2 protein chains.
Amino acid sequence: MPGRRELNKEDKRRRIRDAAWSLFREHGFDATTTRAIAERAEIGVGTLFLYAPDKDALLFSLFRDELGDIVTKRFARVPERALLDQLLYVIRGFYERYAEDPALARRFVPLILRLEGDALASYAALNADFFARVGALVEAAKTRGEVRADVDGAVLGVNVLAIYAYFVLGWLLGPAPRVKDGLASLKPALASLLDGVRPVKAGVSAREGRRK
Amino acid sequence: MPGRRELNKEDKRRRIRDAAWSLFREHGFDATTTRAIAERAEIGVGTLFLYAPDKDALLFSLFRDELGDIVTKRFARVPERALLDQLLYVIRGFYERYAEDPALARRFVPLILRLEGDALASYAALNADFFARVGALVEAAKTRGEVRADVDGAVLGVNVLAIYAYFVLGWLLGPAPRVKDGLASLKPALASLLDGVRPVKAGVSAREGRRK
DNA sequence: GCTCAAATATGAGCGCAGTCGGTTTTCCAG
DNA sequence: CTGGAAAACCGACTGCGCTCATATTTGAGC
């Protein structure tokens with residue numbers, strides 16, 4: 001049962017998030033001062049740093065929360081189609097979000113490589129959730145006969161994320177990333193990964209089977 | 001013919017490099033102030049920023065130069081053995097260097113994702129040089145019959161770097177990276193990549209051929 | 001050797017992120 | 001309702017990265 005204290009904190013958290021997103025969008029990450037964020041959120045500077053250990057961590061948590069929401073929402077509405085299409089449906093959510101704020105996204109991604117302690121743990125949890133959900137899709141695909149029964153869903157999840165990460169990185173670092181282009185280059189790579197786990201029909205290799 | 005002006009600049013560059021490495025090693029990147037670097041290099045703070053656009057760029061250029069040297073030196077002494085061993089000989093140079101300063105290396109790697117302008121160009125040049133040298137090794141391996149004649153050496157170079165990057169990243173982000181562990185996990189991945197380009201002997205697949 | 005413009009060097013100063021000792025708000029036991 | 005402890009908040013302050021107006025050094029032309 002949340003008391004006044006917890007409600008106030010929740011409200012401040014919301015105001016900080018809104019203030020930070022709007023200012024980062026208006027002026028960019030570097031040109032936005034922590035004072036300006038505090039002012040728009042109607043709190044003192046000192047208070048801001050009670051809610052985020054530093055400015056980088058603030059940006060990181062903004063994106064991490066949204067990516068978490070995207071995972072939840074997209075997996076809840078996964079289309080009843082082939083595994084590849086299901087994966088692309090989820091991943092499209094990431095691409096669309098990044099494309100909304102490409103400059104901020106470019107600032108966000110390198111932060112992942114510098115995570116430590118709690119922030120690392122929270123990101124790892126997000127990743128683990130993603131793996132598990134991909135694993136569930138893979139299991140369902142097995143019952144449909146799209147994937148060999150002996151494939152480990154969790155391992156496949158890791159591979160999917162690795163390939164996604166590699167492509168989204170190249171896409172983000174390039175000039176003016178467009179969702180369409182990003183998905184177009186990712187799709188064949190994922191398709192090739194999934195080809196490797198398709199059940200092999202007698203006398204026909206997985207790759208040839210797909211071409212039919 | 002270098003005049004006094006050029007000699008002075010070269011000397012300052014050297015002093016800055018030495019001062020920065022020693023201080024970064026002693027106190028870490030964040031705890032080292034630009035004032036301290038300038039003082040140990042016996043120059044003014046303002047002068048330091050004539051030689052590096054900012055503190056991050058300074059760390060970046062230190063590592064980039066050393067990695068460039070490693071590429072040159074290691075490729076000059078590549079052993080006359082199988083392609084995989086040659087690649088691992090070169091890459092071991094990177095692992096050993098990173099292992100010397102793991103904390104600084106962790107700070108360095110994310111900087112690569114934020115490169116722009118001249119710094120990006122200089123890093124791209126380093127990469128291109130690496131690809132070309134790997135390409136030369138691949139060509140030599142072709143004449144020895146280790147690699148199929150139709151394989152594009154440059155493309156293989158890109159793949160080698162991609163796999164290396166993936167593994168070195170995971171290794172660096174883990175606790176207390178040891179050279180032995182890093183190479184042990186990288187080796188099978190590279191071996192698998194090279195298996196894919198081995199000449200196929202009649203009636204024996206590349207992978208089975210390797211197992212003999 | 002002297003002159004002077006261009007190149008190079010300098011450190012006081014500025015704006016920022018982040019801290020910390022003091023203040024206010026919240027909660028609950030009595 | 002009240003006392004007081006704990007939690008939350010605050011903004012003046014600190015120390016840092018980086019700038020820029022000024023000073024110094026260099027070397028070509030004479």
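Quick caveat, the model's predicted, so the values are computed rather than measured. Sequence lines set the chain letters: A, B, ... in the order given, protein chains first and strands last, and positions in each chain run from 1.
Of the possible polar contacts, none joining the Arg13(A) side chain to the Tyr51(A) backbone as a donor-acceptor pair under 3.5 Å is found. Side-chain atoms of Lys187(B) do not come within 3.5 Å of backbone N or O of Leu88(B) as any donor-acceptor pair. Side-chain atoms of Gln86(A) do not come within 3.5 Å of backbone N or O of Glu80(A) as any donor-acceptor pair. A donor-acceptor pair is defined here as one N or O able to donate and one able to accept, closer than 3.5 Å; no such pair exists between the side chain of Lys142(A) and the backbone of Gly153(A).
Residues passing the ring-ring contact (aromatic ring centres under 6.0 Å, His included) test with Phe60(B) are Phe108(B), Tyr123(B), sequence neighbours excluded. Applying the ring-ring contact (aromatic ring centres under 6.0 Å, His included) test to Tyr164(B) and every residue at least two apart in sequence or in another chain returns Phe94(B). Glu66(B) is linked by a side-chain hydrogen bond (donor to acceptor under 3.5 Å, both in side chains) to Trp21(B), Arg97(B), counting only residues two or more places apart in sequence or in another chain. Residues passing the side-chain hydrogen bond (donor to acceptor under 3.5 Å, both in side chains) test with Glu42(A), sequence neighbours excluded: none. Every residue was checked against the side-chain hydrogen bond (donor to acceptor under 3.5 Å, both in side chains) condition with Thr33(B), not counting sequence neighbours, and none meets it. The side-chain hydrogen bond (donor to acceptor under 3.5 Å, both in side chains) test applied to Asp30(B) returns Arg107(B), not counting sequence neighbours.
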Evaluate salt bridge (Lys or Arg N to Asp or Glu O under 4.0 Å) for Asp18(B) paired with Arg15(B), printing each intermediate quantity in order.
-> CA-CA 5 Å; Asp18(B) 294 349; Arg15(B) 269 147 50 201; over 6 Å; no

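Within residues 8-22 of chain B, the residues that have a heavy atom under 4.0 Å from DNA chain C are, in order of number, Lys9(B), Lys12(B). A heavy atom closer than 4.0 Å to some atom of DNA chain C occurs in Thr32(A), Thr33(A), Thr34(A), Arg35(A), these being the qualifying members of residues 26-39 of chain A. Residues from residues 105-120 of chain A lying near DNA chain C, meaning a heavy-atom separation below 4.0 Å, are absent. Of the residues in residues 43-57 of chain A, those placing a heavy atom less than 4.0 Å from an atom of DNA chain D are Ile43(A), Gly44(A), Val45(A), Gly46(A), Thr47(A), Leu50(A), Tyr51(A), in numerical order.
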Side-chain atoms of residues 170-181 of chain B: list all donor-acceptor pairs with protein atoms under 3.5 Å, sequence neighbours left out, distances to 0.1 Å.
| residue | atom | partner | partner atom | Å |
| --- | --- | --- | --- | --- |
| Trp171(B) | NE1 | Arg178(B) | O | 2.8 |
| Arg178(B) | NE | Asp181(B) | OD2 | 3.1 |
| Arg178(B) | NH2 | Asp181(B) | OD1 | 3.1 |
| Arg178(B) | NH2 | Asp181(B) | OD2 | 3.3 |

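The shortest distance between side-chain heavy atoms of Val134(B) and Leu156(B) does not fall below 4.5 Å. Using a 4.5 Å heavy-atom threshold, the side chains of Leu194(B) and Leu87(B) count as touching.
A nucleotide of DNA chain C counts as in contact with chain A when one of its atoms lies under 4.0 Å from a heavy atom; the first and last such, 5' to 3', are dC16(C) to dC27(C).
What separates CZ of Phe24(B) from C1' of dG17(D) is a distance of 12 Å, to the nearest Å.
Across all strands, Arg5(B) comes closer than 4.0 Å to base atoms (heavy-atom distances).
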